[in-house]
2 protein chains.
Amino acid sequence: MKLSTSEENYIKAIFKLQDLHNTVPATLLAAEVKTKAASVTDMLKKLYSKKIIHYKPYKNFTLTNAGKKIALDIIRKHRLWEYFLVHKLGMNWDEVHPIAEEMEHVNNPLLIQKLDEYLEHPCFDPHGDPIPDKNGNIRMVEQSDICSSPIKKTLTVSSIKDQSITMMDLLKHYQIKIGTKLKLVRKFDFDGSVEIKIEKLAPTIISNQVAKNIFCTQ
Amino acid sequence: MKLSTSEENYIKAIFKLQDLHNTVPATLLAAEVKTKAASVTDMLKKLYSKKIIHYKPYKNFTLTNAGKKIALDIIRKHRLWEYFLVHKLGMNWDEVHPIAEEMEHVNNPLLIQKLDEYLEHPCFDPHGDPIPDKNGNIRMVEQSDICSSPIKKTLTVSSIKDQSITMMDLLKHYQIKIGTKLKLVRKFDFDGSVEIKIEKLAPTIISNQVAKNIFCTQ
DNA sequence: TAAAAAGTTTAGACAAATCTAAAAATAAAT
DNA sequence: ATTTATTTTTAGATTTGTCTAAACTTTTTA
């Protein structure tokens with residue numbers, strides 16, 4: 001089934017809002033896809049006719065399993081492209097979202113398979129959000145912030161909680177990105193700061209405030 | 001000026017047909033963009049209003065300079081993506097065209113600049129067609145078929161005249177692609193066949209028929 | 001629990017890009 | 001040069017996604 005860019009955007013938005021709020025109000029969805037409530041109603045009827053959502057007028061609506069599968073596939077494409085833009089083209093993670101928003105609608109399964117292979121099957125996008133696999137499964141990986149991670153084990157940075165400009169600025173200085181491999185050398189009890197050792201770099205100390213925001217997998 | 005995918009496709013098609021035939025009949029353009037003559041008329045009026053083409057009813061039409069610039073920019077994007085798909089993702093050159101057809105409409109100058117850098121400013125796409133630079137200039141490079149190239153100089157395969165399946169099959173066997181570096185070792189007068197040496201491979205002999213179809217830059 | 005507020009849907013309109021069928025202009029052919 | 005054929009344009013309809021304004025549900029609140 002071929003879907004329009006607009007339909008795909010609605011599906012993605014419903015998926016996102018479904019995750020955040022248990023029930024999705026049409027007005028919120030309208031804001032998310034930057035349109036008006038009346039337009040949302042039209043689209044809901046269309047998506048219902050395509051069995052992408054469960055829908056009864058004036059009632060709540062949710063994605064069907066088929067709808068969720070489609071949403072996860074779009075999210076997969078989006079995040080793989082974001083990964084590509086940052087890790088291959090060297091773009092900044094704060095400028096890739098709108099581009100990936102366009103690329104995610106390029107529809108070609110072989111392309112995405114090849115891209116995934118080329119990127120070596122990444123699990124997290126540059127914002128630290130998990131990348132669903134080709135079957136729509138999000139492999140749940142044990143993540144913990146640096147402070148709570150075991151000492152002297154190789155950790156891989158998988159997500160950053162605080163995505164503010166100031167935080168990103170600091171991470172840039174420390175040369176820490178999603179995917180960076182590092183070791184927790186020791187913790188200082190006085191202020192909760194920690195010493196870390198990043199591959200090929202001299203050990204440094206980062207504050208507790210920063211360490212708490214950096215999540216890693218083992 | 002933001003252009004729709006449809007407008008971009010018309011511009012690209014006009015550019016292509018303008019190159020092939022001196023004057024572009026609307027019916028041919030209709031076939032090229034897979035639509036009907038009546039739709040073409042509508043679009044021509046629109047493109048005229050945007051100063052992308054010169055147009056008078058019932059008369060021939062041509063791209064303005066602005067229109068040509070736009071066309072070259074779309075072609076640039078198309079060919080850079082084709083290059084990426086073949087040389088980075090390892091796709092076959094006969095399957096990348098429809099994908100690049102979609103990717104070319106992703107509009108972000110920084111993206112294309114970064115992509116160009118990442119690919120190291122390629123001059124030819126996987127089909128051997130030249131890639132315009134960011135100003136729309138197609139750098140004219142001296143090309144000659146292998147038979148007419150100087151002996152023992154490093155040549156870079158830049159285009160293949162015959163793009164039939166059988167030819168591509170043969171090139172695959174010889175491990176010859178656009179971008180392959182090779183040397184012409186010697187020519188055999190008896191049948192016009194030539195001995196070539198491809199980087200890291202043992203020297204081989206290719207027939208005159210094949211050699212005549214492979215164009216290289218020095 | 002009845003009135004007010006908030007949220008959702010219908011009805012009718014619009015813009016973009018397309019279509020068919022018919023009319024108009026140009027080109028070709030006798 | 002007039003008829004025929006071809007090409008191009010108009011006119012009116014269709015589809016997709018959107019909009020506003022009004023009508024209708026549902027929820028809140030007093």
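Owing to the predicted nature of the structure, the values given are computational and were not obtained by experimental measurement. Below, chains carry the letters A, B, ... as their sequence lines are ordered, and counting in each starts from 1.
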> Does a donor on one side chain and an acceptor on the other come within less than 3.5 Å for A:Thr217 and A:Gln143?
Replying inline: no
> Looking at A:Tyr48, is A:Lys56 sitting on its ring face, NZ or CZ under 6.0 Å from the six-membered ring centre and within 45 degrees of the normal?
Replying inline: no
> A:Lys12 and salt bridge (charged side-chain N to carboxylate O under 4.0 Å, His left out): which partner among A:Glu7, A:Glu101, A:Glu32?
Replying inline: A:Glu101
> Is the closest side-chain donor-acceptor distance between A:Ser193 and A:Asn208 under 3.5 Å?
Replying inline: no
> Within this structure, what is the CE-to-C1' distance between A:Met43 and D:dC19, rounded to whole angstrom?
Replying inline: 14 Å
> Are B:Ser148 and B:Asp145 close enough that a side-chain donor and a side-chain acceptor fall under 3.5 Å?
Replying inline: yes
>> Rounding to an integer number of Å, can you tell me how far A:Leu3 CG sits from D:dT16 P?
In response: 13 Å
> Going by atom types alone, do B:Glu82 and B:His78 pair a side-chain donor with an acceptor below 3.5 Å?
Replying inline: yes
> Between residues 6-19 of chain A and DNA chain D, which residues have a heavy-atom gap below 4.0 Å?
Replying inline: A:Ser6, A:Tyr10
> Without hydrogens or angle criteria, can the side chains of A:Lys77 and A:Asn107 be said to hold a donor-acceptor pair below 3.5 Å?
Replying inline: yes
> Is A:Thr27 near enough to C:dT8 that one of its side-chain N or O atoms lies under 4.0 angstrom from OP1 or OP2?
Replying inline: yes
> When all nucleic acid strands are considered with a 4.0 Å heavy-atom cut-off, which category describes B:Lys45: base, sugar-phosphate, or nothing?
Replying inline: sugar-phosphate
>> Can you confirm whether or not the ring centre of A:Tyr118 sits under 6.0 Å from the ring centre of A:Tyr83?
In response: no
> To the nearest angstrom, how far is B:Tyr58 atom OH from D:dT8 atom C1'?
Replying inline: 5 Å
>> Any donor-acceptor pair under 3.5 Å linking the side-chain atoms of A:Thr166 with those of A:Ser164?
In response: yes
> So which of residues 28-42 of chain A are in contact with DNA chain C, with a heavy-atom cut-off of under 4.0 Å?
Replying inline: A:Ala37, A:Ala38, A:Thr41
> Does the pair A:Arg76 and A:Asp116 meet the rule for a salt bridge (charged side-chain N to carboxylate O under 4.0 Å, His left out), with working shown?
Replying inline: CA-CA 10 Å; A:Arg76 170 174 165 75; A:Asp116 186 42; 3.4 Å; yes
> Between A:Met103, A:His97, A:Glu102, which is the residue that forms a side chain to side chain contact (heavy atoms under 4.5 Å, CB included) with A:Ile99?
Replying inline: A:Met103
>> Distance check needed: C:dT8 P versus A:Leu44 CG, whole Å only.
In response: 9 Å
> Is there a residue in residues 47-57 of chain B whose heavy atoms reach under 4.0 Å of DNA chain C, and which residues are they?
Replying inline: none
